[in-house]
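Each chain gets a letter, A, B and so on, in the order its sequence line appears, and its residues count up from 1. Computed from a prediction, not measured in an experiment: that's the story for all the values here.
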Amino acid sequence: MPEHRYDPRAIEPKWQAIWEREQTWHVSNDEATDLPKSYVLEMLPYPSGEPHMGHLKNYAVGDAVAHFHRRTGRRVLHPIGYDAFGLPAENHAIRTGEHPRDSTAQSIAQFQREFREWGVSFDWSREFATSDPRVYRWTQWLFLRFLERGLAYRKEAAVNWCPKDATVLANEQVIDGRCERCGTLVEARQLEQWFFRITDYAERLLDDLATVDWPEHVVTMQRNWIGRSEGAEVTFRCEELGIDYPVFTTRPDTLFGVTFFVMAPEHPDVLRLAAGTQHEQAVREYVNRSQTEDGAERGAAEREKTGVPLGRTVVNPVNGEEIPMWVADYVLMEYGTGAIMAVPGHDERDFAFATRFGLEIRRVIEGGDALPYAGDGAIVNSGPRFDGMQNREALDAIVAWLDGDGRGHRSVNFRLRDWLLSRQRYWGCPIPIVHCDGCGLVPVPDDELPVILPDVRDYKPKGRSPLATAEEWVHTSCPRCGKPALRETDTMDTFVDSSWYFLRYCDADNDEAPWDPDVLARWAPVDQYIGGVEHAILHLMYARFFVKALADMGHLDMREPFNALFTQGMITREGAKMSKSKGNVISPTPYVERYGADTARCYILFIGPPDQDADWSDSGVEGVHRFLARLWRLGAELAENGAPGPLDASTDGASGDDLELLRKAHWAIDKVTGDMSGRFAFNTAIAAVMELVNECYSRRDGASDPALRFATATAASLIFPFAPHTGAEVYQLLTGERVWDEPWPEVDPTLLVRDEVEIALQINGKLRDRMPAASGADREQLETLARARPRVQAHIDGKDVVRVVVVPAKLVNFVVR
RNA sequence: GCCCGGGUGGCGGAACUGGUUAUACGCUGCCGGCUUAAACCCGGCUGUCCGAGAGGACGUGUGGGUUCGACUCCCACCCCGGGCACCA
């Protein structure tokens, strides 16, 4: 007998070559078909270095879903691409001088090689990198559509500035308030920036979360991020200067408790208000200090409140009181109006501030032992009109009253801010805008797109984007008047690229438009999106915004980009997150080389529920490898006894080991199918196939060849979504067929039920005996049988049987006293 | 502080809507077979405690509760992981 050795190094390349040659996973956009579509998508990788365990997990999950959908009668779009613009490649360029295009291309080649070695069933015909001009041409085109629509605009905004390197820094480059590279304290600078008006969509982004099949915690995170608050806008007037200051409050019921008024240090009127007062100098110093301070530090809720008086007053519109104005950094310019009414009696922060500076604290709602009290209760100290009302009613009444003479009105506020998309960076999509002295901001005409990213010599930003050094490129002529003009040198945030890439996959060859809406409608939206939870907020929010905005512009017709979302857990090493700095990163490559891709893929799914974090263990890998080897060996040995041919799945007259084996096979079909339908229980699905293979081994001597073949081929067919090479190989050895062309195995429900089952016999809920019984036996029969058992009799003899609980086919429980 | 997720054997984990002995499957460990030998492979055992044994008692973070019956439901608490955090 020849040696049977499972050799993934022979099996895997063989099948990969077939899939490559035959373009097995390619789907065309024209093919007419009755099959329902399924768009399965893993988040596109950022190509830096080589793939890691997180990638392996991501694509193992996605591929299992794709294969399962295909074999259960769906036409599956399963594309791949690369999020190729971005900071790591640029930082690498700053260090080494290597063009980001080159280092990125190398990394992409590495990803491509490994994806193929993993046997992932991608439709490679739609592959692209977002840094390809053929793609970013449309990123620019989309930007211009947003601009036309008023959804892209320019305004001054604070950015992180390193005075030593004379550069703008991305938020991620600011570590503890200091420049990542030189350690200098970072300052805030006001610069003109491009924004997307995502806040216009806040309400819809919030509401439509209800229409989407996403993990609850991701929905919650998005909800909190959008942060909708209902309340009122109320106007306080500074009589001395004759200026109205509106504030937003969620608690207009506490208006009579307002004892001071606070503005954010960034508020444009702060210096003007203080001018000429005795506090002018102190205010100036305070404002400067808070501007240079790190945002994270300033935002810490525990730290002691700071602030200075402005030397002015405003009038509380509900009672005409003059209250002092302050400037304090606990008020944020970005939220609401940048100014607040302070109610120290019923707000913790205002209370802390008032205590620190000796300001009046007034109770206007009853309840709680001490102030501040944030709960509900009856209104007091708020005048005869409102005193005695419940605060919730008073809230509406006070707003209505103010609204009557224009001093306030209902209002909704969102925490969500507009999306700052400009980056003073080289390796990104150029913003297709020309600055003309005469015409102002002029969009580059569509037929001149793409604005190609030029080569530069020095990638280091010097206060402006490195693109500013590409003199020839920067100096252009105005598309409108033809006079000399300058190109915009900022590039776009890479989140812009990833906000629409999944649309491009649907029509990736289109050079006339980013996509043809009819073609898009054949595939989009994504039916199952799979990726890391770290993108739960930004990427998913931005992509949702893009789809909604593009729908409004008529470029597509859908509400949400990702119908269902699955977020995978991390792969850890000895419980710790893998990171380069810790030096505990393990690459999939050695495992793929040593055990084969199927083993690595199966193991990463078998290790635990895929939405949870899981710890990598080398000995666990070996166990999964052993299982695949057992399956393969079983197939190889059976194949030796006879030529491949159709399976004989008949159960007529089957008995003994044959019947038990067939039962187990159908049990496994049922289990795996259930675990994959709407769930992601890959770990238990794989365990079920393991059980089936174990059953084959233990019944090998007693079972017939057709039964063994059926059971083994079924195991191969069921494992295929997780271990495609081994599944295909074993299935072909036994049947001569390609498993992916075969429909998903169908369960025979009659084999799931047994004629005779074991019934648990309990006395007062405690198990005392077991007995065999016909599975169809009814309650009475079971009770009669149970009463005849000696061990049951021993326990109920001489006692009162108060009640008998019978669960057919499961148990009989005697309640005795 | 707030919002999520989670606490089950030596380890990763299973138990779908409360219903048979809780711990499937895999790992680890132990025993046996194969082998000149080892590896591979094949078969078996492996929750804890008491007991020579048959057997018994206890066991799903802790404490209560509901129920004939609770890993599963309810209340309170403890611990771990993640996210948000002065948003008025």
Item to check | Protein-nucleotide distance (A:Asn694, atom CG; B:C41, atom P), rounded to Å | outcome: 13 Å
Checklist entry - Does A:Val806 offer a backbone N or O that forms a donor-acceptor pair with the side chain of A:Arg779 under 3.5 Å? => result yes
Checklist entry - Between A:Arg630 and A:Asn694, is any side-chain donor less than 3.5 angstrom from a side-chain acceptor? => result yes
Item to check | Syn/anti label of B:G6 as read from its glycosidic torsion, with the cut at 90° from 0 | outcome: anti
Checklist entry - Any idea which of B:C25, B:A88, B:G19 is nearest the A:Leu811 side chain? => result B:G19
Item to check | Touch class at under 4.0 angstrom, heavy-atom based, for A:Gln762 against every strand present | outcome: base
Item to check | Integer-rounded Å distance: B:C25 P and A:Glu691 CD | outcome: 5 Å
Next on the checklist: Rounding to an integer number of angstrom, what distance separates B:C34 and B:C40 when you compare their C1' atoms?
Outcome noted: 11 Å
Checklist entry - Which class fits the ring pair A:His535 and A:His539: parallel under 30°, tilted 30 to 60°, perpendicular over 60°? => result perpendicular
Next on the checklist: Testing the 3.5 Å rule here: is there a donor-acceptor pair between the side chains of A:Ser229 and A:Tyr335?
Outcome noted: yes
Checklist entry - Quick one: which of B:G19, B:C25, B:C42 gets closest to the side chain of A:Asn813? => result B:G19
Item to check | Separation of B:U20 P from A:Phe814 CZ (nearest whole Å) | outcome: 17 Å
Item to check | A:Ser229 side chain near B:A88 phosphate (N/O to OP1/OP2, under 4.0 Å) | outcome: yes
Next on the checklist: Any heavy-atom pair between the side chains of A:Pro372 and A:Asp347 that's under 4.5 Å?
Outcome noted: no
Next on the checklist: Quick check on ring pair (Phe, Tyr, Trp, His ring centres under 6.0 Å): which of A:Tyr542, A:Phe195, A:Tyr201 does A:Trp419 satisfy it with?
Outcome noted: A:Tyr542
Item to check | Proximal nucleotide (of B:G43, B:C86, B:C25) relative to the A:Asp329 side chain | outcome: B:C86
Next on the checklist: Generate the contact string for nucleotides 6-14 of chain B. Rules: B means base contact, S means sugar-phosphate contact only, - means no protein heavy atom under 4.0 Å.
Outcome noted: ------BSS
Next on the checklist: If you apply the rule side chain to side chain contact (heavy atoms under 4.5 Å, CB included), what do you find for A:Asp253 with A:His346, and how did you get there?
Outcome noted: CA-CA 10 Å; A:Asp253 52 325; A:His346 303 283; over 6 Å; no
Checklist entry - Using the P atom in both, what is the distance from B:U67 to B:C11, to the nearest Å? => result 36 Å
Next on the checklist: Here's a test of your reading of the structure: between A:Glu216 and A:Gly336, which maps to the more 5' nucleotide of RNA chain B?
Outcome noted: A:Glu216
Next on the checklist: Could you check whether any side-chain N or O of A:Thr567 sits under 3.5 Å from a backbone N or O of A:Gly531, counting only pairs where one atom can act as donor and the other as acceptor?
Outcome noted: no
Checklist entry - If you look at every strand shown and take non-hydrogen atoms under 4.0 Å, does A:Arg700 touch a base, only sugar-phosphate, or nothing? => result nothing
Checklist entry - Taking atom C1' of B:G81 as reference, at what distance in whole Å does atom CD1 of A:Ile571 sit? => result 16 Å
Checklist entry - Roughly how far apart, to the nearest Å, are B:C41 and B:U35 at atom C1'? => result 11 Å
Item to check | Atom-to-atom span, CE of A:Met570 to C1' of B:G81 - whole angstrom | outcome: 9 Å
Checklist entry - From B:G43, B:A88, B:G26, pick the nucleotide closest to the side chain of A:Phe248? => result B:A88
Checklist outcome for this item: From CE of A:Met221 across to P of B:C4 the rounded distance in Å is 13 Å
Item to check | Euclidean distance for P, B:U60 against B:A54 (whole angstrom) | outcome: 25 Å
